Amino acid sequence: MKLYNTLTKQIEEFIPFEEKKVKMYTCGPTVYHYAHIGNLRTYIFEDILEKGLSYLGYEVIRAMNITDVGHLTSDSDTGEDKMIKGAKREGKTVYEIADFYTNAFLSDMKDLNLKIPKIIEKASAHIDTYIKMIQKMLDEDYAYISNGNVYFDISKANDYYKLSGKNKDDLLIGVRDTVDEDKAKRNPADFVLWFTLSKFENQVMKWDSPWGVGYPGWHIECSGISYLTLGEYLDIHCGGVDNIFPHHTNEIAQSEAYLGHKWCNYWCHGAHLNDQTGKMSKSNGEFLTISLLKEKGYSPLDYKYFCLNSHYRNSLVFSFESLDTAKIAYSKLKNKVLSLEKEGEIDGTAISKYTKKFKDALENDLNTSLMLTVIYDVLKDENLNDATKFKIIKDFDKVLSLDLTKEEKKSISAELEQEIIEKIELRKNAKKNKDFATADSIRDELLQKGIKLIDSREGTTYEIV
Ligand code: AMP
Ligand code: ZN
């Protein structure tokens, strides 16, 4: 498997610490609002990576956090706490907000056929781990207390800028733009490990610590949960490109300071989904969600197909026109696969040939559009019988999870269901009164609507035809 590694800035052969076993960490959602479809593009790429590795025979253990505490609106040490902002907006407690949007996120994942990681941990559930890590960093002088907060001293980190590839001066400009200059810091890019000096007087989530009542900074939660659930060595860490700085840069600094050695070998980042006006963002007010796409008549898998047509490292511009094109192509593809005869002799040589092509695309830094092309090649191959085509595509769909071989369950609207129940009752009464003409016309009327009535000794049921 070859992957682009943000740390080394090149495509590299992936070699895990333990043979055929992968420890993978993916930054999870901040649950103060729905995930927008841009966020979900990142989770789609991570899911392909996880399933792709499993397809290639690796055992993958993946962990993800749920950020329910300490995430600030300006990814630095200022701004409003996102959870408090969500609670104020909806007149709920931060705990209710966290629960509601965690469930909404898991439901989006399910709609997109994304595997829920084996390990999912709430940031607020591991305060003791962060405290233990911060104390060690204080004891070893990587951290310092200033004006009530605990800060990480970036000048003590081993090559602090190695992930972002920027330098101190570049970052100083960015830092000045986003951070009210905090006089308590030794270096402008130092970041908070533990807040005691709350910027928010109404902060609800707070805990005792050796440094006073407070709450953890955002970055320490991922280092803490990764260490706690996956141990001292991590193979792959993922997120969107916006996470490279400061979040992942700070994760590396504090994890390596705490552990005393290199922590994670491969850093994989997904490029952004933008709308025509620029970056998609939840703080912009209106944003696109999976529920909104569903309301507009798109299936979540139309959107997933749209994403898989481009490479995860290329930024992608969303428009409804492009989604329409993807919807039509996806529907044609699925119909074509479903029309294949499933029974027949299987051509093992063809399976090996196409599986190799598919694996080559997968192993080439997750080339999903090429993986889709292999599916089209299989469908077009005149030397292959239907059963072989169906078997190959079913196998590839273990990675793509586009439900290509899954028959849709037919469903009806709630109104039609109510009408059927009422008509079955009318028909029952008509039969009781020996009015067979009415009973038959009700049956025929429903059949016109695609509903077949089935009479049995137990009563009448129906089938969608
Ligand atoms: P958040 O819930 O804001 O912490 O973000 C969840 C994930 O979505 C992170 O991995 C981000 O890097 C990623 N992300 C944020 N905005 C976008 C975007 N416009 N396109 C793709 N991924 C994004
Ligand atoms: Zn993270």
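What you see is a predicted model, and the numbers here were worked out from it, not measured in a lab. Atoms within a ligand are numbered from 1 in the order they appear, just like the ligands themselves.
Atom numbering of ligand 1 starts at 1 in the shown order; those under 4.0 Å from a heavy atom of Pro29 are 2 (O). Heavy-atom contacts of Met280 reach the following atoms of ligand 1: 19 (N) (cutoff under 4.0 Å). Heavy-atom proximity to His36, at under 4.0 Å, picks out these atoms of ligand 1: 16 (N), 17 (C), 18 (C), 19 (N). Taking a cut-off of under 4.0 Å to the non-hydrogen atoms of Asn243, the atoms of ligand 1 that pass are 9 (C), 10 (O), 11 (C), 12 (O). Against a heavy-atom cut-off of under 4.0 Å, Gly239 is close to the following atoms of ligand 1: 10 (O).
Salt-bridge formation is not detected for the pair Lys391/Asp395: no Lys NZ or Arg NE/NH1/NH2 atom is positioned less than 4.0 Å from an Asp or Glu carboxylate oxygen. Ion pairing of Lys122 with Asp68 is absent here, as no side-chain N (NZ or NE/NH1/NH2) approaches a carboxylate O to less than 4.0 Å. Using a 4.0 Å cut-off between a side-chain N of Lys or Arg and a carboxylate O of Asp or Glu, Lys406 and Asp397 do not qualify as a salt bridge. Salt-bridge formation is detected for the pair Asp302/Lys327: a Lys NZ or Arg NE/NH1/NH2 atom is positioned less than 4.0 Å from an Asp or Glu carboxylate oxygen.
Checking Leu316, Asn39, Asn65 against atom 15 (C) of ligand 1, the nearest heavy atom belongs to Asn39. Here atom 2 (O) of ligand 1 lies nearest to Thr30 when heavy atoms of Thr30, Thr67, Ile37 are compared.
Nearest heavy-atom pair, Ile244 versus Leu163, reported as atom, atom and distance to 0.1 Å: O-CD2, 3.8 Å.
If you look at the Zn ion (ligand 2), the protein N, O or S atoms less than 2.8 Å from it are Cys27 SG, Cys222 SG, His247 NE2.
Checking Lys162, Lys262, Lys156 one by one against Glu256, the salt bridge (charged side-chain N to carboxylate O under 4.0 Å, His left out) holds for a single residue, Lys162.
Residue contacts with ligand 1, taken as heavy atom pairs separated by less than 4.0 Å, involve Asp242 solely via side-chain atoms from C-beta onward.
Considering both main-chain and side-chain atoms, Thr42 comes within under 3.5 Å of ligand 1 through a nitrogen or oxygen pair.
Under the 30°/60° scheme for interplanar angles, the aromatic rings of Tyr101 and Tyr34 are found to stand perpendicular.
For Glu50 (side chain) and Lys115 (main-chain N/O), no donor-acceptor pair under 3.5 Å exists by modelled atom type.
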